[in-house]
Amino acid sequence: MGKLTSCLVNAQGYGSRMGGRDESETLGAEAVPLSRQAMAGRAPPSYLDGLNEAQREAVEQLTGPVLMLAGAGTGKTRALTTRIAHLLQTGHARPDEILAVTFTNKAAREMKNRVGGLLGTMVEGMPWIGTFHSICVKILRRHAGLITDKAGTRHLKTNFTILDTDDQLRLLKQLIQAAHIDERRWPARMLARLIEGWKNRALNPDKVPASEANAYSDNGPGLYEAYQERLVTLNACDFGDLLLHVIHIFQHHRDVRANYQDWFRFILVDEYQDTNVAQYLWLRRLAQGHRNICCVGDDDQSIYGWRGAEVGNILRFEKDFPGAKVVRLEQNYRSTPHILEAANGIIVHNRERLGKSLQSVSDTGHKVQLIGHWDAEEEARWVGERIEDHHAGRSPEARNRYNPRLQDFRQEQERRTKAGLGPINQQEFIRQSFESDQVSRDLKTRNLVTELQKNEPEELDMRAAPRACEVQKFSLDEIAILVRAGHQMRAFEDRFLAIGLPYRVIGGPRFYERMEIRDAMAYFRAAVSPDDGLAFERIVNTPKRGLGDKTRQIIHIAARENGVSLLEGARILVAEGDLAPKVRTALRDLCEGFARWHGLIRADDLAHKEIAAQILEESGYTDYWQEMAARKDIKAAGRLENLKELIDALEQFENLQGFLEHVSLIMDNDTEDAAEKVSIMTLHAAKGLEFPVIFLPGWEDGLFPSQQSMDERGMGGVEEERRLAYVGITRAEECCTISFAARRRIYGQWQSTLPSRFIDELPAEHVEMLTPPALDRGGFGTASSANTLAGSDLAGNASRADVYNSPGWRRLQARLGPHGPRRPYEAESVIIDSEAVSSPGPGDRVFHQKFGYGTVIAIEGDKLEVAFEKAGIKKVLAGFVTSP
DNA sequence: GTTCCAACATTTTTT
DNA sequence: ATGTTGGAAC
């Protein structure tokens with residue numbers, strides 16, 4: 001493999017500029033398994049089997065611009081990867097002539113794997129499948145010299161570093177300070193966001209529109225420019241630069257541009273609706289060569305507008321690429337019809353869309369379920385119980401119509417009849433049966449009441465046999481809760497912890513981004529390579545050793561004066577420097593520690609796992625967190641856990657060094673945990689995933705759609721939120737449950753909330769309204785069990801009912817029609833479990849489902865004597881009456 | 001150099 | 001409510 005080849009294949013490779021076409025023939029082709037000749041004239045390849053018509057069309061239209069509009073669950077990835085396989089098999093391109101761009105490493109990895117799978121062989125030498133950024137890095141490494149500062153004196157070197165957000169922010173802070181700007185009023189984060197926004201739109205400092213020039217302390221563009229200058233000096237790029245620099249090179253260096261345009265015969269883009277202006281320009285430039293560009297996306301799933309994604313790109317595709325072929329994939333293989341219709345029903349309210357409607361391949365399934373709750377805690381409690389049902393194979397749907405207790409009762413009656421015994425009381429039997437069950441009392445009560453009140457055994461019999469899907473057991477892995485905002489997760493975590501339901505949070509801070517992990521890694525880095533000053537600097541004073549800012553500066557000076565690393569500088573300082581005794585001791589201990597650890601690593605007679613543990617132990621780092629844990633730091637226990645996990649992860653590597661390399665290159669957090677767990681994640685994080693059972697809590701105006709989104713982007717914001725709703729629903733394969741709460745605590749303040757406007761948009765015929773567990777106790781009880789007490793003891797009944805006077809609720813009722821939900825105090829179910837209920841007393845006016853209104857005369861245990869207005873004096877169970 | 005307190009903001013997130 | 005951050009007090 002030639003030098004040039006290696007630089008193209010290897011992302012880290014540095015090399016000379018790509019030469020002409022001839023010179024590039026070796027490019028990326030260390031192992032080209034399929035030559036064009038070999039592929040010609042074969043029988044129709046088997047990988048095309050099983051594709052539907054639209055998919056096949058998208059795969060076989062190999063040349064020219066193609067827009068594949070692929071709705072959720074329509075086999076988009078399959079079509080895309082098959083297309084690549086087809087390009088290769090038919091000899092249209094060699095593996096290294098195909099450019100396939102994704103947004104995430106995960107997607108790129110999956111694409112590679114699946115292409116390999118289709119062709120039956122591992123396809124080596126597909127160097128141009130990757131993320132926008134990784135591909136840009138690859139290109140930029142080879143042309144870095146073409147990027148210069150304004151004066152043209154300094155230029156980027158091929159080994160430039162890529163700044164992470166932390167570094168970037170630190171750099172901006174320095175610049176802000178240098179410009180004597182009050183950082184309180186003008187936070188660095190704000191500037192970072194602005195600059196990112198400009199870069200997303202491919203705007204250089206001099207191109208920033210005048211209207212935005214004052215967006216940051218009168219001088220955003222100036223600071224932006226200073227920042228860019230500084231980056232070149234530091235031989236560094238931020239993420240946005242990776243694209244912008246390449247665009248710049250394409251613009252100003254015809255030869256380079258022509259080279260790449262020529263080279264990439266076929267371009268494929270995944271998630272095209274998520275591209276921003278810069279990515280669009282980049283793609284358009286490259287596609288100008290062969291015009292073989294295939295963009296795959298779904299305008300209805302564009303949910304990243306807030307970070308610069310332009311739905312316009314996909315909406316404009318046919319104009320940008322005249323003669324483009326547009327293929328719509330609408331055959332959905334994921335969800336049942338009700339779910340799809342619910343999703344379709346919501347998304348049709350968007351104006352800006354190309355228009356598509358998903359068709360299910362199945363013809364059975366549940367309706368989307370909708371339920372309101374009192375607050376977030378109750379919502380979490382309810383979801384937790386539902387999940388337990390799903391997990392146990394006890395379908396809640398089945399339970400609403402079919403109560404196994406009644407069957408048991410009939411069996412028992414039969415048995416007694418046969419045995420010649422007298423009949424037993426149905427209510428007593430069922431109640432006893434419930435008492436001995438493991439089901440939570442709250443649920444027992446609810447079911448008991450429902451069944452007893454229906455009092456229509458025949459009808460129940462008809463529905464007694466549950467459909468197959470209703471008793472299906474779901475693994476916890478098949479269940480996910482998708483929330484709009486991170487803070488919603490807490491209620492669920494709290495509840496699941498309480499009931500011992502295993503869960504995992506997807507997204508959130510990545511494992512290797514957590515403070516304790518970064519600290520530990522810094523220790524390892526500094527121990528492995530004593531030259532790593534950045535790592536050393538991070539942990540000199542972690543845990544606290546009395547080595548603060550001042551000492552750090554002294555170490556810096558000592559190191560610079562002696563021309564050595566920070567650690568070595570510290571050593572010199574300990575030996576000869578002018579230090580306070582305490583400082584000297586602390587620093588000496590640390591230096592000796594590192595010397596010892598470094599020795600251990602080199603000696604290599606201890607397992608690296610042991611060494612790592614020892615480092616964290618002797619440095620006092622684990623002690624530090626243990627002490628924090630003792631001092632009731634809630635997070636400390638988790639941090640210790642993480643550290644343990646880190647040490648455990650070491651086992652899979654040869655040595656510490658290998659581990660560190662892996663982490664810095666991959667930084668992946670896909671620690672697939674074997675244990676069965678429910679997933680909790682944001683709607684954004686759920687894009688591209690699917691689950692049999694989905695819960696969508698928090699559908700309230702202001703939260704979802706988010707107030708901020710609406711304020712900032714107006715109608716466009718609502719439409720993006722609506723797409724988010726669409727994404728959420730279409731994640732579900734079989735069961736989709738939407739819920740909302742009547743009030744929610746936001747920033748510590750209780751706020752009444754209205755059901756989301758998206759709930760109004762759900763097509764009524766595909767939605768089943770469930771009775772809220774707590775809201776249906778409109779009667780005397782403020783709370784009926786310990787379960788409910790916890791969250792809602794502050795809640796008065798009057799305020800509860802207020803939700804049901806809200807416009808949102810009214811609209812909903814009107815739309816759901818006479819069979820829709822009832823106001824809670826009209827609902828028939830009530831509480832029979834008297835001990836926790838505050839029962840009505842004599843003189844109270846009550847309502848009974850059968851007997852109507854009446855007044856309580858007397859109480860006998862759980863029975864009431866009531867004078868009914870129409871039915872006369874009757875004795876009834878307290879549970880059967882409600883307050884009117 | 002460390003600790004404590006007050007002010008502050010607080011959707012979504014990949015590279 | 002909760003977490004972070006920067007500055008002042010110790």
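In the text below, chain A, chain B and the rest are named by the order of the sequence lines, each starting its count at 1.
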Report summary line: From the candidates B:dT13, C:dA1, B:dT11, the one with an atom nearest any side-chain atom of A:Arg745 is C:dA1
**Report entry** Between P of B:dT13 and NZ of A:Lys106, the distance in whole Å
**Finding:** 13 Å
Query raised in the report: Does the side chain of A:Gln168 come within less than 4.5 Å of A:Glu196's, by heavy atoms?
Result: no
Report task. In whole angstrom, give the distance that lies between atom NE2 of A:His487 and atom P of B:dA9. Result -> 17 Å
Query raised in the report: When we call it a touch if two heavy atoms are under 4.0 Å apart, what does A:Ser706 touch: a base, just sugar-phosphate, or nothing?
Result: base
Requested in this report: Describe the nucleic acid contact of A:Asp274 in one word from base, sugar-phosphate, nothing, applying a heavy-atom distance below 4.0 Å.
Outcome: nothing
Report task. Could you tell me whether the phosphate oxygens of B:dG1, OP1 or OP2, come under 4.0 Å of any side-chain nitrogen or oxygen in A:Thr551? Result -> yes
Report summary line: A:Glu377 atom CD is separated from C:dA1 atom P, nearest whole Å, by 13 Å
**Report entry** B:dT15 phosphate, OP1 or OP2, under 4.0 Å from A:Ser134 side-chain N/O
**Finding:** no
Requested in this report: Answer with base, sugar-phosphate or nothing: what part of the nucleic acid does A:Lys199 contact at a heavy-atom distance below 4.0 Å?
Outcome: nothing
Requested in this report: Output, in order, the C-alpha distance, side-chain angles, deciding distance and verdict of side chain to side chain donor-acceptor pair (under 3.5 Å) for A:Asn313 and A:Gln279.
Outcome: CA-CA 10 Å; A:Asn313 291 345; A:Gln279 287 155 341; over 6 Å; no
Report task. Heavy atoms only: give me the nearest A:Glu720-A:Tyr304 pair and the separation to one decimal. Result -> OE2-N, 3.7 Å
Query raised in the report: If you check the A:Asn541 side chain, which of B:dG1, B:dT11, B:dT2 turns out closest?
Result: B:dT2
Query - Interatomic distance where NZ belongs to A:Lys687 and P belongs to B:dT13 [whole Å] - result: 12 Å
Query raised in the report: Are OP1 or OP2 of B:dT15 and a side-chain N or O of A:Asn105 less than 4.0 angstrom apart?
Result: yes
Query raised in the report: Side-chain N or O of A:Tyr747 less than 4.0 angstrom from OP1 or OP2 on B:dT11?
Result: yes
Query raised in the report: Checking all strands, does A:Arg490 fall into the base, sugar-phosphate, or nothing category for heavy-atom contacts under 4.0 angstrom?
Result: sugar-phosphate
Query raised in the report: How would you label the contact of A:Glu712 with the nucleic acid (heavy atoms, under 4.0 Å): base, sugar-phosphate, or nothing?
Result: base
Report task. Would you kindly compare A:Leu242 and A:Asp549 by the position of their nearest DNA chain B nucleotide and give the one closer to the 5′ end? Result -> A:Asp549
Query raised in the report: Given the side-chain rings of A:Tyr260 and A:His143, with only the six-membered ring counted for Trp, is the space between their centroids under 6.0 Å?
Result: yes
Query - Atom-pair distance (CZ on A:Arg189; P on B:dT10), nearest Å - result: 9 Å
**Report entry** Separation of B:dT12 P from A:Trp306 CH2 (nearest whole Å)
**Finding:** 8 Å
Report summary line: Whichever of A:Val583 and A:His684 has the more 5' nearest nucleotide on DNA chain B, that residue is A:Val583
Query raised in the report: Hey, does the side-chain of A:Arg307 have a donor or acceptor N/O within less than 3.5 Å of a partner on the base of B:dT12?
Result: no
Query raised in the report: What is the distance from atom CD of A:Glu378 to atom CZ of A:Arg743, rounded to the nearest 0.5 Å?
Result: 10.5 Å
Query raised in the report: Base, sugar-phosphate, or nothing: which does A:Gly486 touch, judged by heavy atoms less than 4.0 Å apart?
Result: sugar-phosphate
Report summary line: Between NE2 of A:His133 and C1' of B:dT15 the distance, given in whole Å, is 4 Å
Query raised in the report: Is the ring of A:Phe132 stacked on the base of B:dT15, with centres less than 5.5 Å apart and planes under 30° off?
Result: no
Query - Atom-pair distance (NZ on A:Lys544; P on B:dC4), nearest Å - result: 11 Å
Query raised in the report: Without hydrogens or angle criteria, can the side chains of A:Glu516 and A:Asn642 be said to hold a donor-acceptor pair below 3.5 Å?
Result: yes
**Report entry** Nearest-nucleotide pick for A:Lys550, side chain only, options being B:dT2, B:dG1, B:dT11
**Finding:** B:dG1
